[in-house]
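To start, the structure under review is shown below, and the notes come after it.
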Amino acid sequence: MSSLFGSSGATPDMAARKEQMKQSIQQELAIANAQQLINKINENCFAKCITKPSTSLTSSQETCLSQCMSLYMAAFDQVSRSYVSRISKERGAAPGIGL
């Protein structure tokens, strides 16, 4: 029956698999978030900068798109850093909460 319920020798292997699965999910979430960010940048910056679509971009449209994308990325970066900082602080305080 030890093969059905596992044995003490299988625990490190299971922990390694669990960690690998966790990392894989985190990577997939990061990719999905990046794709979502790019889609939002495309939607918002296109709507803001391209008022009259044509076969090519004018220099002012290129400048607008570049600045819009830079601002969007800077804002996303700031929000991400703040979020990570907050989560880190909460995890640091978590062991004392509710005990």
Side-chain angles (χ1 to χ4, degrees):
M1 285 217 161
S2 66
S3 63
L4 263 182
F5 298 106
S7 64
S8 62
T11 303
D13 184 46
M14 189 60 123
R17 275 209 225 132
K18 184 178 177 181
E19 185 61 31
Q20 185 179 19
M21 181 67 76
K22 184 179 172 183
Q23 288 177 354
S24 176
I25 290 170
Q26 288 173 338
Q27 287 175 346
E28 288 180 30
L29 285 172
I31 290 169
N33 286 338
Q35 288 173 333
Q36 184 179 22
L37 174 64
I38 290 169
N39 288 336
K40 280 292 182 190
I41 289 172
N42 285 340
E43 286 175 29
N44 294 334
C45 292
F46 184 87
K48 178 184 177 194
C49 298
I50 311 298
T51 55
K52 294 180 182 178
S54 66
T55 58
S56 62
L57 296 174
T58 65
S59 62
S60 63
Q61 288 173 330
E62 286 181 16
T63 301
C64 179
L65 285 170
S66 178
Q67 290 175 349
C68 180
M69 289 170 46
S70 293
L71 288 172
Y72 218 99
M73 292 297 290
F76 179 81
D77 185 47
Q78 180 61 42
V79 169
S80 295
R81 278 191 266 125
S82 297
Y83 178 74
V84 168
S85 174
R86 179 178 169 193
I87 294 297
S88 296
K89 287 177 185 176
E90 287 177 4
R91 284 186 179 164
I97 296 175
L99 292 177

In terms of heavy-atom contacts, does CZ of R81 have more than 12 from other residues, nucleotides or ligands at under 6.0 Å?
yes

Taking a hydrophobic cluster as the set of Ile, Leu, Val, Met, Phe, Trp and Tyr residues connected by side-chain heavy atoms closer than 4.5 Å, whether directly or through intermediates, do L57 and F46 fall within one such cluster?
yes

Working for disulfide (SG to SG under 2.5 Å), residues C45 and C64
CA-CA 8 Å; C45 292; C64 179; over 6 Å; no

With no hydrogens and no angle check, is any side-chain donor or acceptor of S66 less than 3.5 Å from a backbone partner on E62?
no

Qualifying residues under side-chain hydrogen bond (donor to acceptor under 3.5 Å, both in side chains), relative to S59, sequence neighbours excluded
none

What's the separation between atom CD1 in I41 and atom CG in L37, rounded to the nearest 0.5 Å?
4.0 Å

Output for pair (S60 OG, L65 CG), nearest 0.5 Å, gives 9.5 Å

Rounded at 0.5 Å granularity, tell me how far OG1 in T63 sits from CD in Q67.
6.5 Å

Could you measure the distance from the CD1 atom of I31 to the CD atom of Q36? Nearest 0.5 Å is fine.
14.0 Å

Which heavy atom in K52 sits nearest to a heavy atom in Q61, and how many Å separate them?
O-NE2, 3.9 Å

CD1/I38 to CE/M69 distance, rounded to the nearest 0.5 angstrom?
8.5 Å

Residue set satisfying side chain to side chain contact (heavy atoms under 4.5 Å, CB included) with Q20, at least two apart, ordered chain then number -> none

Where S56 and S54 come nearest, the two heavy atoms and their spacing:
O-OG, 2.8 Å

Got a second to check how far S24's OG is from R17's CZ, nearest 0.5 Å?
14.0 Å

